[in-house]
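Here's the structure we're looking at; comments come further down.
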Protein chains: 2
Amino acid sequence: MAQIEKIGSKTNEYAGPVGPGGKGLRKRFVYVKNPYLDSMDEDILYHLDLGTKTHNLPAMFGDVKFVCVGGSPNRMKAFALFMNKELGLEGSGEDVKDICAGTDRYFMYKIGPVLSISHGMGIPSISIMLHELIKLLHHAQCCDVTIIRIGTSGGLGIAPGSVVITDTAVDSFFKPRFEQVILDNIVTRSTELDKDLAEELFNCSKETPHFPTLLGHTMCTYDFYEGQGRLDGALCSFSREKKLDYLKRAYKAGVRNIEMESTVFAAMCRLCGLKAAVVCVTLLDRLEGDQINLPHDVLVEYQQRPQLLISNFIKQRLRLGDQTSSSPGSQSFSASL
Amino acid sequence: MAQIEKIGSKTNEYAGPVGPGGKGLRKRFVYVKNPYLDSMDEDILYHLDLGTKTHNLPAMFGDVKFVCVGGSPNRMKAFALFMNKELGLEGSGEDVKDICAGTDRYFMYKIGPVLSISHGMGIPSISIMLHELIKLLHHAQCCDVTIIRIGTSGGLGIAPGSVVITDTAVDSFFKPRFEQVILDNIVTRSTELDKDLAEELFNCSKETPHFPTLLGHTMCTYDFYEGQGRLDGALCSFSREKKLDYLKRAYKAGVRNIEMESTVFAAMCRLCGLKAAVVCVTLLDRLEGDQINLPHDVLVEYQQRPQLLISNFIKQRLRLGDQTSSSPGSQSFSASL
């Protein structure tokens, strides 16, 4: 029943020369792939507590250029506050409030052209958020949007605290694919991420030299315990040797970290014209153990590392934008950078 | 590579006559199926921000008899406050605080013998919580524990606001199974729930006659949009006819509601000796539409329905416990019921 889905039609693709800021002759809009959506009188984004009739989405979100997503609400609020400071908007204060305050499913903050959103844990949770976020960006007529997942992960054969920029998101079988159940069919989607963006982020990391950053494959699983070969769950039916054999095979296949959202994130963003990247810090080396037992202050510092890298990347993009074009959403921030 | 896992060994099973309160000659403990766990010097329940060295788990949780779980933190807090009132503990106040305050992944409240915990959305999110909850109940030496998921769902061919007590949890292909990836093997687990408990809950619902309650199959999917045949996601590659054909086939197979956690919940609880039930209210009839557009007050009232049913069930159990045994955890509440 499995089938491979055709992805990316020429008519929707961005055409024209692309600069480092993703700017060229034509704007790259965020698109939906759903013929039914345009005929709907109203679109209620239920889990975001937003809607096309209750909110003026173009006015609220039309200038968004960067979307940063991560599992933890607190971490995404911390990132919003950090960006607010970094973009020199600290005094205003009023922007750093939860836009999805009417629901506790997700939390969303907007700081100038940057949107910071939590997505919970696991593929289904981020998938619901992405469907509604992509519709939001589409309704708001956003263009040239870059989306980055900043997360935490388990490392493989690398020092805890290392930051991994994903070159390829793979599943539990080390394959670059995401299997989506549609009705009762299984459709296989590509999990390819934007290579230029990953390279740009890696170059940017060289200017933030106080922690190790590398490019590598990221393995995405449906489970934190049995699915990642942990020996410390409520259920464990395999030996320490089998675990290590699996993790070493993953390492050999190019996997450098393991998390729970990257494949569906890559697949959906790719289908909807969003340039996407995944940047995760590793909290432990899974070849050494399973439990996360870092002191609180070390954990906090590690979690700030992807934020610092992405903040530098965004500031660099906005500076470039100001020098090379009159793109809205960058001008107002350049003075403060 | 798929294999069927043997479940439930005789040595672990409850033996002896069972009364309505689950009481008999022997206590039924919550057990883990992991030979490595006992040899661990410390067990850090990372996503709950609890641990065996930092917390006295038997003292904190040893008297727990009922665990209620649901996706939304606010809903599980509301349920805790409601139970606090219903069990006559309203004045004390101090118990209704988030036990997992050190993390924002899950929220947990304890009200006498009742634990109320949020689990986020989707199989991976509830799975992480269940691994750590089951270890917590095991470390705390809890016995005779009943666990109930009180959730929201989409209905199939039944009036919105109906409450469905799950007789069988099925996957997207209408099969009573949960496929767990372990390392790179797929293991198929049974999703059978406790039939006596479902019956007891159904009988209890007859005493709460102001909303319709029924027994039926619950379909559990990995996705809210494409996986449930919605026409209003960012992606939709099927026709309205194909959608309706799928949903009608589900109805014919006995499915009365659709949600995103029941199969893994049933499978894990069964493996670890927890008598489990799933009780969800339906927010819409999926044969009629896809969007959830209920007025806020109706939505709030619907979400209270499973809470009301479970509150009545718990009070009934505690009353019976007081009449028929000297089980701790029931005596202190009977006076106020």
Side-chain angles (χ1 to χ4, degrees), chain A residues 5 32-37 40 42-44 46-47 71-75 104-105 120-125 127-128 130-132 134-135 138 172-174 180-184 187 221-227 229 231-238 240 242-243 246 260 268 271-272 291-293, chain B residues 5 32-37 40 42-44 46-47 71-75 104-105 120-125 127-128 130-132 134-135 138 172-174 180-184 187 221-227 229 231-238 240 242-243 246 260 268 271-272 291-293:
Chain A
E5 195 170 52
V32 295
K33 287 195 148 187
N34 178 352
Y36 293 98
L37 216 59
M40 282 167 62
E42 179 178 14
D43 187 11
I44 298 171
Y46 175 69
H47 300 88
S72 148
N74 289 351
R75 185 151 39 81
D104 60 351
R105 302 296 192 171
M121 285 187 288
I123 285 172
S125 186
S127 152
I128 296 173
L130 284 174
H131 271 280
E132 299 185 11
I134 289 165
K135 291 198 293 176
H138 174 74
S172 298
F173 307 91
F174 321 141
Q180 171 72 46
V181 178
I182 301 182
L183 308 179
D184 47 0
V187 172
T221 68
Y222 278 95
D223 174 41
F224 186 78
Y225 287 95
E226 295 174 282
L231 303 171
D232 65 340
L235 302 167
C236 178
S237 56
F238 46 86
R240 193 180 301 274
K242 285 269 181 202
K243 164 203 161 168
Y246 177 66
M260 299 178 67
M268 286 183 68
L271 283 170
C272 295
Q291 292 237 310
I292 301 166
N293 51 13
Chain B
E5 194 170 54
V32 295
K33 288 197 149 188
N34 178 353
Y36 293 98
L37 216 58
M40 282 167 61
E42 178 179 15
D43 187 12
I44 298 171
Y46 175 70
H47 300 87
S72 147
N74 289 350
R75 185 150 38 81
D104 60 351
R105 301 296 191 170
M121 286 187 287
I123 285 173
S125 186
S127 154
I128 296 174
L130 285 174
H131 271 279
E132 300 186 10
I134 289 166
K135 292 198 292 175
H138 174 73
S172 299
F173 307 91
F174 321 140
Q180 171 71 48
V181 178
I182 301 182
L183 307 180
D184 46 0
V187 172
T221 67
Y222 279 95
D223 175 41
F224 186 80
Y225 286 95
E226 294 174 284
L231 303 173
D232 64 340
L235 302 166
C236 178
S237 55
F238 46 85
R240 193 182 301 274
K242 285 272 181 199
K243 164 202 163 171
Y246 177 67
M260 298 178 68
M268 287 185 68
L271 283 170
C272 296
Q291 293 236 310
I292 302 166
N293 51 13

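Here is the naming used below: chain letters follow the sequence lines, and residue numbers restart at 1 for every chain.
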- [ ] Determine the option with the most heavy-atom pairs under 4.5 angstrom with chain A, choosing from Ser127(B), Ser72(B), Gly120(B), Gly71(B).
- [x] Ser72(B)

Task: Sidechain-backbone polar pair: Asp184(B) side chain, Phe173(A) backbone, donor-acceptor under 3.5 Å - done: no

Task: Interface moiety of Ile123(B) toward chain A, non-hydrogen atoms closer than 4.5 Å - done: backbone

Open item on the list: Could you check whether Tyr46(A) and Phe224(B) have their ring centres less than 6.0 Å apart?
Closed with: no

Open item on the list: I'd like to verify something: which residue of Leu37(B), Ile292(B), Leu130(B) has the highest number of heavy-atom pairs under 4.5 Å with chain A?
Closed with: Ile292(B)

Open item on the list: Taking every non-hydrogen pair under 4.5 Å, which of Arg240(A), Glu42(A), Lys243(A), Lys242(A) racks up the most with chain B?
Closed with: Arg240(A)

Task: Greatest number of heavy atom pairs closer than 4.5 Å to chain A - which of Gly122(B), Gly233(B), Gly227(B), Gly229(B) - done: Gly233(B)

Task: Closest heavy-atom pair and its distance - Leu183(B), Ser172(A) - done: O-CB, 4.4 Å

- [ ] Output the option from Gln180(B), Met260(B), Met40(B) having the highest count of non-hydrogen pairs under 4.5 Å with chain A.
- [x] Gln180(B)

Task: Asp43(A) vs Gln291(B) side-chain heavy atoms within contact, under 4.5 Å - done: yes

Task: Heavy-atom pair of closest approach, residues Asn293(A) and Ile44(B) - done: CB-CD1, 3.4 Å

Task: Where Pro124(B) and Tyr222(A) come nearest, the two heavy atoms and their spacing - done: CB-O, 3.2 Å

Open item on the list: Side chains of Tyr225(B) and Lys135(A), heavy atoms from C-beta outward: is any pair under 4.5 Å?
Closed with: yes

TODO: Could you tell me which non-hydrogen atom of Leu235(B) sits nearest to which non-hydrogen atom of Cys272(A), and how far apart they are?
DONE: CD2-SG, 3.8 Å

Task: Side-chain donor/acceptor of Asn74(B) to backbone N/O of Asp104(A), under 3.5 Å - done: no

TODO: Please look at His47(B) and chain A and tell me whether the side chain, the backbone, both or neither of the residue comes under 4.5 angstrom of a heavy atom of that chain.
DONE: side chain

